[in-house]
Amino acid sequence: MNNVFCKVHRRLLAATCSAALLISASTGASACTSFVIKAKDDGRVYGRTMEFGFETESTVSMVPRGFEFTATTGLSDPMVWQAKYAVIGMNAIKDDTMIVDGINEEGLAGGALYFPGFASYPEPTQDKASSSLGPLNFLAWVLTSFATVDEVRDALASVQIVAIENTELKEVPPLHFTLHDRSGKSIVIEPVNGELKVYDNPLGVMTNSPGFDWHLINLRNYVNLSPVNAGEKQVLDGEVVSLGQGSGMLGLPGDSTPPSRFVRASAFVSTVEMRETAEENLHVATHMLNNFDIPKGFIRPNAEKAGAPELPDYTQWSVMANLADATYFVRDQDALSFNSVSFDDFDLDGSDIRSLVPPTTDPFEPLVKAEGSRP
């Protein structure tokens, strides 16, 4: 399971040469963490947490094939597309079609994470209306349109993400994106200097700012970490031994900053015991996600800070996805266990998006009991 902590800082304006916009955030959501773990049968589990500073009331969205989306760019004759693939995911805000995490029926999964201070979009222009997407449209376009990471990479030149303020968030959402498919390929997409930068992601890990390439370099500061306990050491005329288990990971950062979470998630991904199947790895991912859960009060805004007030981040929901069978698992902030949603739970060729509120029930029980009903 992936842990993704999102926290939105204050809004930072900044115009660089050709109308690119540097964005930070004021709503509070840049403590997100995500990851992928592999099983011996080559199956993969994706996991993430979602943190925010106010109640988003996100619900599970089930998008059928053929559903028509319209880009929210404020331009006339905006980009319109129909879903080629059905999608199960989490929306940004209750009863909205803006998907910020999910998986499609072909096993392509991923999420949108906050990227404050570094996201940079061009301004929307009418001459590019038919190929422009708002930041919160992008993931829905990807998951409903493509089956693999390679297909996404090849299609990126045909669209641009533009600077459009979201009315509910009252800002231009600063986002970057993590994507994973059944073949094991993973990429990170970051809007920087008005362009979409694409990085291969062999670790399958992503958090928030700064950029993905910086996080990879920062890992070099932790090459000493090991799952193997440190041995005894001779000091002067005596012998010193560690006080307990875990001494090989001494120095692993435990705070909730994006760089520390990236290092910690990478340490988990590279050391956890590989299970036989992806289904078994769901339990492993659950343990990993618990390490990135942020309760209310652990992160608090600086009351003395000038400008727009920040909001305290806390974990709103956590999700997992089994890429092999395209099953999605959701845990609400007040739940102790996950509920499952699969593509057998709704009509893939229906006409409307179904929306379900994640309940608190037994581990891995179906979220959808029967068509048209809730648990």
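FYI, the numbering just counts along the sequence from 1. Below, each value reflects all heavy atoms present in this structure, side chains not excepted, and no hydrogens, waters or symmetry copies.
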Counting N and O atoms only, with roles assigned by atom type, does the side chain of Thr70 sit under 3.5 Å from a partner on the main chain of Val80, one being a donor and the other an acceptor? no
Using only atom types and a distance under 3.5 Å, with no angle test, would you say the side chain of Arg354 pairs donor to acceptor with the backbone of Asp345? yes
Give a yes or no on this: more than 12 heavy atoms of other residues, nucleotides or ligands lie within 6.0 Å of atom CG of Leu250. no
Measuring only between side-chain heavy atoms, which start at C-beta, is Thr327 closer than 4.5 Å to Phe329? yes
Of all residues at least two apart in sequence or in a different chain, which pass the side-chain contact (heavy atoms from CB on, under 4.5 Å) check with Ala230? Ser247
Please check this pair: side chain of Ser186 against backbone of Gly204, looking for a donor-acceptor N/O pair closer than 3.5 Å. no
Main-chain N/O of Ala326 paired with Asn322 side-chain donor or acceptor, under 3.5 Å: no
Gln316 (side chain) donor-acceptor with Glu57 (main chain) under 3.5 angstrom: no
Is there a donor in the side chain of Asn290 and an acceptor in the side chain of Arg331, or the other way round, less than 3.5 Å apart? yes
Are Phe52 and Tyr114 near enough that their ring centres are under 6.0 Å apart? yes
Who passes side chain to side chain donor-acceptor pair (under 3.5 Å) against Glu279, sequence neighbours left out? none
Residue pairs meeting salt bridge (charged side-chain N to carboxylate O under 4.0 Å, His left out), one or both in residues 177-203, sequence neighbours left out, come to Asp150-Lys185, Arg153-Asp200
Any ion pair linking Arg44 and Asp42 (charged N to carboxylate O, less than 4.0 Å)? yes
Closest contact, heavy atoms only, Ser318 versus Phe338: O-CE2, 3.6 Å
Side chains of Tyr46 and Asp101: donor-acceptor distance under 3.5 Å anywhere? yes
Say whether, by atom type as modelled, one donor and one acceptor occur between the side chain of Asn166 and the main chain of Leu136 under 3.5 angstrom. no
Test your reading of the model: is there a side-chain donor-acceptor pair from Asp332 to the backbone of Ala335, 3.5 Å cut-off? no
Linking I/L/V/M/F/W/Y whenever any side-chain heavy atoms sit under 4.5 Å apart, do Trp214 and Ile187 land together? no
Salt bridge (charged side-chain N to carboxylate O under 4.0 Å, His left out) against Glu280, all qualifying residues, sequence neighbours excluded: none
Can you pull out every ring pair (Phe, Tyr, Trp, His ring centres under 6.0 Å) where at least one residue sits in residues 151-178? Sequence neighbours excluded, please. Phe115-His176, Phe138-Phe177
Does the side chain of Leu348 reach to within under 4.5 Å of the side chain of Pro64, using non-hydrogen atoms? no
Are any side-chain N or O atoms of Ser145 and backbone N or O atoms of Val142, one a donor and one an acceptor, separated by less than 3.5 Å? no
Is Glu239 atom CD crowded by more than 12 heavy atoms from other residues, nucleotides or ligands, each under 6.0 Å away? yes
Checking Gln245 now: which residues fulfil side-chain contact (heavy atoms from CB on, under 4.5 Å) with it, not counting sequence neighbours? Asn229
Regarding Ser61 and Ser355, is there a side-chain donor-to-acceptor distance under 3.5 Å anywhere? no
Do Thr315 and Gln333 have side-chain atoms, one donor and one acceptor, less than 3.5 Å apart? no
Would you say His180's side chain and Val36's backbone share a donor-acceptor pair under 3.5 angstrom? no
Count I, L, V, M, F, W, Y as connected when their side-chain heavy atoms are under 4.5 Å apart, and connections chain through other members. Are Phe343 and Tyr85 then in the same cluster? no
Residues which pass side-chain contact (heavy atoms from CB on, under 4.5 Å) with Thr257, listed by chain and number, not counting sequence neighbours: Asp255, Pro259, Ser260
Excluding sequence neighbours, so at least two apart, what forms salt bridge (charged side-chain N to carboxylate O under 4.0 Å, His left out) with Lys296? Glu55
For Ser76, which residues count as a side-chain contact (heavy atoms from CB on, under 4.5 Å) partner, sequence neighbours excluded? Gln126
Starting from Ile164 and following side-chain heavy-atom contacts under 4.5 Å between hydrophobic residues (I, L, V, M, F, W, Y), which residues can be reached? Val162
Is a side-chain N or O of Asn137 found less than 3.5 angstrom from the main chain of Trp141, in a donor-acceptor match? no
Under the salt bridge (charged side-chain N to carboxylate O under 4.0 Å, His left out) definition, can you give me all pairs with a residue in residues 60-85, not counting sequence neighbours? Arg65-Glu105, Arg65-Asp349
Return each pair, listed once, that meets salt bridge (charged side-chain N to carboxylate O under 4.0 Å, His left out) where at least one residue sits in residues 208-230; pairs must be two or more places apart or across chains. none
